[in-house]
Amino acid sequence: AQKITQTQPGMFVQEKEAVTLDCTYDTSDQSYGLFWYKQPSSGEMIFLIYQGSYDEQNATEGRYSLNFQKARKSANLVISASQLGDSAMYFCAMREQSTGNQFYFGTGTSLTVIP
Amino acid sequence: EAGVAQSPRYKIIEKRQSVAFWCNPISGHATLYWYQQILGQGPKLLIQFQNNGVVDDSQLPKDRFSAERLKGVDSTLKIQPAKLEDSAVYLCASSLELAGGGGTDTQYFGPGTRLTVL
């Protein structure tokens, strides 16, 4: 079974609008972390936001917020007020304590911001 | 704080040749990872080091790939001989905590090495 599932291969959003990128995960661990990374065409992986499994509040970092629904095993990324520079690949990842902190990545979502 | 450094940034070789990549993690980070990312896919873990020991190399094609982290700091990844399907971006990442330290630690990535095998 896939540890991380991203069902949206590509998404389009109008500049200044908000967009939600979906991510579901599969784990039986109680302690785990969820991460979102941005990968522009230059290839570097840029850390955006983190959510711990015990965190009760949704994580926020500037224009990024993580909609964490533990019972649904869902960790969607919300980008508010989209900018042209947000156009990139976005990867959801999970880290489980039981597997020695190995990271599992999804297949990514390509986001295009339209002017 | 300096980030993860990788070199070279780009490499073009012919099949059956050898190639080596270098990574210097963030200072003080105990854990170092090498990933292979084929175009259009997510990163795939090749090997994970904790200091200078190997934690996980289950997906490393050991007949042609090797990696070392001799002094627990920088690391090299080698491919010998290269195949066409090795064309990919090779990403190095590091994290502060030791393996098993809990699911909270963040990985920070280097800029990657884009390998093209002709």
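Labels below follow one simple rule: chain letters A, B, ... track the order of the sequence lines, proteins then strands, and each chain is numbered from 1. From a predicted model like this one, the values you see are computed outputs, not experimental measurements.
Between B:G42 and A:F91 the shortest heavy-atom distance is CA-CE2, 3.4 Å.
Under the 4.5 Å side-chain heavy-atom criterion for ILVMFWY residues, no single connected hydrophobic cluster contains both B:L32 and A:F105. A:M11 and A:W36 fall within a single hydrophobic cluster, where Ile, Leu, Val, Met, Phe, Trp and Tyr are joined by side-chain heavy atoms under 4.5 Å apart, directly or via other members. Note on A:V13: it clusters hydrophobically with A:Y90, by side-chain heavy-atom contacts below 4.5 Å among ILVMFWY residues. B:F65 and B:L91 fall into different hydrophobic clusters, where Ile, Leu, Val, Met, Phe, Trp and Tyr side chains are chained together by heavy-atom contacts under 4.5 Å. Put simply, A:F47 and B:Y33 are part of the same group of oily side chains (I, L, V, M, F, W, Y) that touch within less than 4.5 Å, one to the next.
Contact of A:S42 with chain B is made through the backbone alone, with heavy-atom distances under 4.5 Å. Of the atoms belonging to A:Q6, not a single heavy atom falls under 4.5 Å from chain B.
Once rounded to the nearest 0.5 Å, the distance linking CE of A:M45 with OH of B:Y35 reads 8.0 Å. Within the model, atoms CZ of B:R9 and CD of A:E44 stand 7.5 Å from one another, a figure rounded to the nearest 0.5 Å. Taken to the nearest 0.5 Å, the CZ atom of A:F103 stands 6.0 Å off from the OG1 atom of B:T106.
Checked against the 6.0 Å centroid criterion, the rings of B:F109 and A:Y37 qualify as a close aromatic pair.
Within 6.0 Å of NZ in B:K11 there are 12 or fewer heavy atoms belonging to other residues, nucleotides or ligands. When the shell of 6.0 Å around CD of A:E15 is examined, it contains more than 12 heavy atoms from other residues, nucleotides or ligands.
The most heavy-atom pairs under 4.5 Å with chain A, out of B:Q37, B:Q41, B:R114, come from B:Q37. When each of B:P43, B:G110, B:A93 is scored by its heavy-atom pairs under 4.5 Å with chain A, the top score falls to B:P43.
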